[in-house]
Amino acid sequence: MPSLHPLVAAAARGQLPDWAVAGRGRRSHMARVASLLEQWGREIGLGKHQIARWRAAGYLHDALREVPPAELADLLSGRLRGLPAKAWHGPAAADVLRSEGVRDRGILHAIRWHTVGSRKFGRLGRALYAADALEPGRTRRVRWRERLRARMPVEMDAVLGEILSHRIGYLIGARQPVHPRTLGFWNSLVDGS
Ligand SMILES: [Fe+2]
Ligand SMILES: [Fe+2]
């Protein structure tokens, strides 16, 4: 079993790297996402090492969420700047983690695409996307989130389908673009492609 990068091991214990920019509210969100991931990981029978990875992803996914997008733009390649600005913090955090020596592709991919989704998500990417959407601190559509949480982690893909269908429906209703990665994530849930 590969050992955890020290930064990942610290995040699993709830200690953020010194480059993280997160106020109290954000930190509480990250902690709630991490504990949902831990709970689901235990329920599907993951071992200690995997649980630590899942918790770390929960703590690290929004490590740069509070950095103004204009500052994140310097960190990102031109290609990635085609993403909506509110999704930049994922790729930026993944890039900084890589530059710190983190090579855990499951964690990096989950964090990089946690806002828009990815058809290449593994189990951790899917669980992080769901936990970010369903964590109990979110104050809109509380009952809907409760019902979906109750079906996790057993019905993970069906629950993700409901989250995505709501999100894509919302974007269409607001006449906003749907990112191709979001559609790719949806397609991977419905046809297994
Ligand atoms: Fe985020
Ligand atoms: Fe988040």
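Both counts, for ligands and for their atoms, begin at 1 and track the order of listing. Starting from 1, each residue takes its place in the sequence as its number.
At a threshold of 2.8 Å, the Fe ion (ligand 2) has a backbone or side-chain N, O or S atom of D132 nearer than that distance. Residue side and main chain included, H114 places an N/O/S atom under 2.8 Å of the Fe ion (ligand 1). The distance from the Fe ion (ligand 2) to the nearest N/O/S atom of H29 is under 2.8 Å.
Looking at every heavy atom in both residues, D132 comes nearest to V33 through CA-CG2, 4.0 Å.
Aromatic ring pairs are classed by plane angle as parallel below 30°, tilted from 30° to 60° and perpendicular above 60°; the pair H166 and W144 is tilted.
Under the 3.5 Å distance criterion, the side-chain polar atoms of D104 are matched with a main-chain donor or acceptor of I107.
Centroid-to-centroid, the aromatic rings of H114 and H89 come within less than 6.0 Å.
Nearest N/O/S atom of D62 relative to the Fe ion (ligand 1): this is OD1. Summary: NE2 is the N/O/S atom of H61 found nearest to the Fe ion (ligand 2).
Of the charged side-chain nitrogens involved, none lies within less than 4.0 Å of a carboxylate oxygen, so that E135 and R149 do not count as a salt-bridged pair.
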